[in-house]
Amino acid sequence: MAKDKDRLYLGIDLGGTNIQAAVVRTSDCAVIARDGAKTRAKDGSDAVIERIEKLCKKVIDDAKLKPEDLRGLGIGAPGAIDIEQGVVLRAPNLGWDHF
């Protein structure tokens, strides 16, 4: 189990071509584990979300952590975002509208 002072977070960068994910320790800005995968947006939004989920599980496993060891996660998505609603309003490179 990670120590509270370690402040471990999962960051996800969702792009039109690639998805990157990393576990980061904020106390010293260390990247504990990272990996990436092709987005393959043409496969549809459900497939992209499934790839994100698998990638997140992989980097958490690579960091030898459990999901509950993380204090939180953040995701960057392309396009216009409604932060309050948690909705991607329009992401043309993913083909998403109000997702």
Using distance only, find each side-chain donor-acceptor pair of residues 87-99 under 3.5 Å and give its atom names and separation, not counting sequence neighbours.
unit_1	atom_1	unit_2	atom_2	d
R90	NH1	D97	OD1	3.2

>> Do R71 and T26 have side chains that approach each other closer than 4.5 Å (heavy atoms only, starting at C-beta)?
In response: no
>> Could you work out, with salt bridge (charged side-chain N to carboxylate O under 4.0 Å, His left out) as the rule, every residue matching D35, not counting sequence neighbours?
In response: K58
> Of the non-hydrogen atoms in V59 and A21, which two are nearest, and what is the gap between them?
Replying inline: CG1-O, 3.7 Å
>> side-chain contact (heavy atoms from CB on, under 4.5 Å), that's the test. Do K38 and N18 meet it? Break it down for me.
In response: CA-CA 4 Å; K38 294 290 184 190; N18 295 296; 3.4 Å; yes
> Considering residues, nucleotides and ligands other than R51, do more than 12 of their heavy atoms fall under 6.0 Å from its CZ?
Replying inline: yes
>> When you group the ILVMFWY residues by side-chain heavy-atom contacts below 4.5 Å and let the links chain together, are L8 and I75 in the same group?
In response: yes
>> Are P78 and L14 packed together at the side-chain level, in the sense that at least one heavy-atom pair is separated by less than 4.5 angstrom?
In response: yes
>> Rounded to the nearest 0.5 Å, what separates atom CD1 in I60 from atom CG in L73?
In response: 8.0 Å
>> Would you say CG of D46 has more than 12 non-hydrogen atoms from neighbouring residues, nucleotides or ligands within 6.0 angstrom?
In response: no
> Rounded to the nearest 0.5 Å, what separation is found between the NZ atom of K57 and the CG atom of L10?
Replying inline: 12.5 Å
>> Within this structure, what is the CG-CZ distance for the pair D62 and R34, rounded to the nearest 0.5 Å?
In response: 12.5 Å
> Looking at G36 and L55, what are the two nearest heavy atoms and their distance?
Replying inline: N-CD1, 3.8 Å
> Among pairs that include at least one residue of residues 72-81, which meet salt bridge (Lys or Arg N to Asp or Glu O under 4.0 Å), considering only residues two or more places apart or in two chains?
Replying inline: none
> Under a single-linkage definition using a 4.5 Å side-chain heavy-atom cutoff for Ile, Leu, Val, Met, Phe, Trp and Tyr, are V48 and I12 assigned to the same hydrophobic cluster?
Replying inline: yes
> Which atom names give the shortest non-hydrogen contact between T39 and G15, and what distance separates them?
Replying inline: OG1-O, 2.7 Å
